[in-house]
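Structure, as structure tokens:
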Amino acid sequence: MQEALDHTEPSSTDHSIISALREIAADPAITDSVIAEIEKRRDALDAVLDVTEATALSFSRVPDVYLNARADDVRAIGRQICFALVGESDVGLDQISAPSIVLAEDIGAWDLARAPLKLIAGILCARGGATSHIAIMARAHGVPAVLGLGASTAEVRTARDVAIDGGSGAVYLDPGIETRQHIEARIRAASAEEQALKAFKDSRPRRDDGTLVEIAANIGSIEEIEAAKEAGAMGVGLFRTELLFMKHATLPSEDAQFAIYAEAAKAFAPDPVIIRTLDIGGDKAISGIAFPEEENPFLGWRGVRMCLDRLDVFKPQLRALLRAAAHGNIKVMLPMVSTVDEVLRVRAIIENCKSELRGEERAFGTFALGIMIETPAAVLIASELAKVADFFSIGTNDLTQYVMAADRMNPNVSTLNDVANPAVLAAIEMSARAGVAAGIQVGMCGEAAARPDLIPKFLDMGLTELSMSPASIPRAKRCVMSHYQQDRPR
Ligand code: PEP
Ligand code: MG
């Protein structure tokens, strides 16, 4: 087991995790119990799994968040010992060392956040769908991915060559010569179109009345800023901060967050950078926060709900955002809002953070506070929310799953999970009309914001900001300009 731990790539795995695991592995409470079980003539693997599971359960039952989080560490240690006993090694995405297509039943966002994405040539996964976070992260890094394959992953396992079309969701197993030629022609056509779209990079589309239509980037880390700028992003419309939290074993400090938010703000100033407060829960968990077992995590303790209960996590983020606001055009938005009260409570916490910072004589700025429209509740009370929010950003990934009652991770209901369904479009239009009537900006940061077939509809509903993965920006600019009959880049 020591060997298994030693072989873990130190550059890609947090040292703190490794040393925590080492300590647990050496704990006599575990080793003595395992030996005692083996002396009772029990199978060594069973003994290890039972003892580590019992220890993990005792960690998860104590009323201490730090100790709760150790439960997963103990289970990980149990797995490592079993691998060593059978002479095999665990495979983690962070151990990929050559260009590979990843084939999995399921992939955690936490695992993908720590993987060397440059070496991942494609992702095939039994679970999930086009708007699950694995798909979004893959898209952001230009990695073709097809999720929701279900039982057909077994068939993929038998193939020697695999080609993936992330756009259409097609997976070709051992393609013959004709199929290969067809795929290669499509790759050539896509790269020719990409070249042609570069002409739109510096365009700043406007409506006929002169209002700027901001085509912004969705990012999840500082490393993505360059690609966003290169693609011609007019700011950031969604900075998913939970990805920063997922990369580390412990929660990032206020100072570490401040440095990241300030760097993003400076990189795009004077264009806005919309930073979303932590949206943990649903299909995203992090190691520093213990989550209760939930029957329906997507209907559970996530987004602003969790933050309002965990001021020890929320306040450092808000303080970091206030401090970073002194360095550029930062706006802040709240995920998973479903009541006016949630927004008012966040406003009160922000005021409290400001007086703390004033007392500490720390420099800070102010920011516009917007909300995501992701729940049917938010749609139905959009005009009330528009009185307390400075802007709306429509999160179509969640809005679609909640309006259609069709889990964004469940391939069996992927036909229902369709943003173009009239019910979802009606919800988008209701929210947009309410925001426009109240005179606040309405934007969109769900995956639908990049769809050329839907962009004209969104513009007609009054949206003036669309945020998407950087690779989609030039096409969206062309689409907006042609909607307003400004066909040439300018
Ligand atoms: C959304 O729900 O549309 C959204 C942008 O948020 P996320 O995909 O991170 O849940
Ligand atoms: Mg969402």
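Whatever order the structure lists ligands and atoms in, that order sets their numbers, starting from 1. The basis for the numbers below is simple: all heavy atoms, side chains too, and nothing from hydrogens, waters or symmetry mates.
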task: Verify side-chain hydrogen bond (donor to acceptor under 3.5 Å, both in side chains) between Asn417 and Thr400, making sure each step is shown before the conclusion.
output: CA-CA 6 Å; Asn417 191 297; Thr400 306; 5.1 Å; no

query: Applying a 4.0 Å heavy-atom criterion (strictly less than), which segment of His133 is in contact with ligand 1: side chain, backbone, both, or neither?
result: side chain

query: Less than 6.0 Å separating the ring centroids of Phe258 and His327?
result: yes

- request: For Ile123 and Val146, run side-chain contact (heavy atoms from CB on, under 4.5 Å): C-alpha distance rounded to whole Å, both residues' side-chain angles, the deciding distance at 0.1 Å, then the answer.
  value: CA-CA 6 Å; Ile123 294 176; Val146 179; over 6 Å; no

query: Taking distance alone, with no angle check, do Glu242 and ligand 1 share an N/O pair under 3.5 Å?
result: no

field: Heteroatom distance test (Glu447, ligand 1): nitrogen or oxygen, under 3.5 angstrom
entry: no

query: Who gets closest to atom 3 (O) of ligand 1 by heavy atom: Val419, Asn218, Thr131, Asn397?
result: Asn397

With a cut-off of 4.0 Å, which atoms of ligand 1 are near a heavy atom of [X]?
{"X": "Met372", "result": "4 (C), 5 (C), 6 (O)"}
{"X": "Arg302", "result": "10 (O)"}
{"X": "Leu238", "result": "5 (C)"}
{"X": "Arg408", "result": "2 (O), 7 (P), 8 (O), 10 (O)"}

- prompt: To which protein heavy atom is atom 6 (O) of ligand 1 closest, and what is the distance rounded to 0.1 Å?
  reply: Arg276 NH1, 2.9 Å

Atom 2 (O) of ligand 1: the protein heavy-atom neighbour that sits closest, reported with distance to 0.1 Å: Glu374 OE2, 2.8 Å

query: Regarding Thr211 and Asp209, is there a side-chain donor-to-acceptor distance under 3.5 Å anywhere?
result: yes

- prompt: Under 3.5 Å, is there a donor-acceptor pair between the His133 and Asn397 side chains?
  reply: no

- request: Go through Glu224 and Ser221 one step at a time and tell me if the side-chain hydrogen bond (donor to acceptor under 3.5 Å, both in side chains) criterion holds.
  value: CA-CA 6 Å; Glu224 291 163 54; Ser221 67; 3.0 Å; yes

- prompt: Is it true that some N/O/S atom of Asp279, main chain or side chain, lies under 2.8 Å from the Mg ion (ligand 2)?
  reply: no

field: Angular separation of Glu374 OE2 and Asp398 OD2 about the Mg ion (ligand 2), given to 10°
entry: 100°

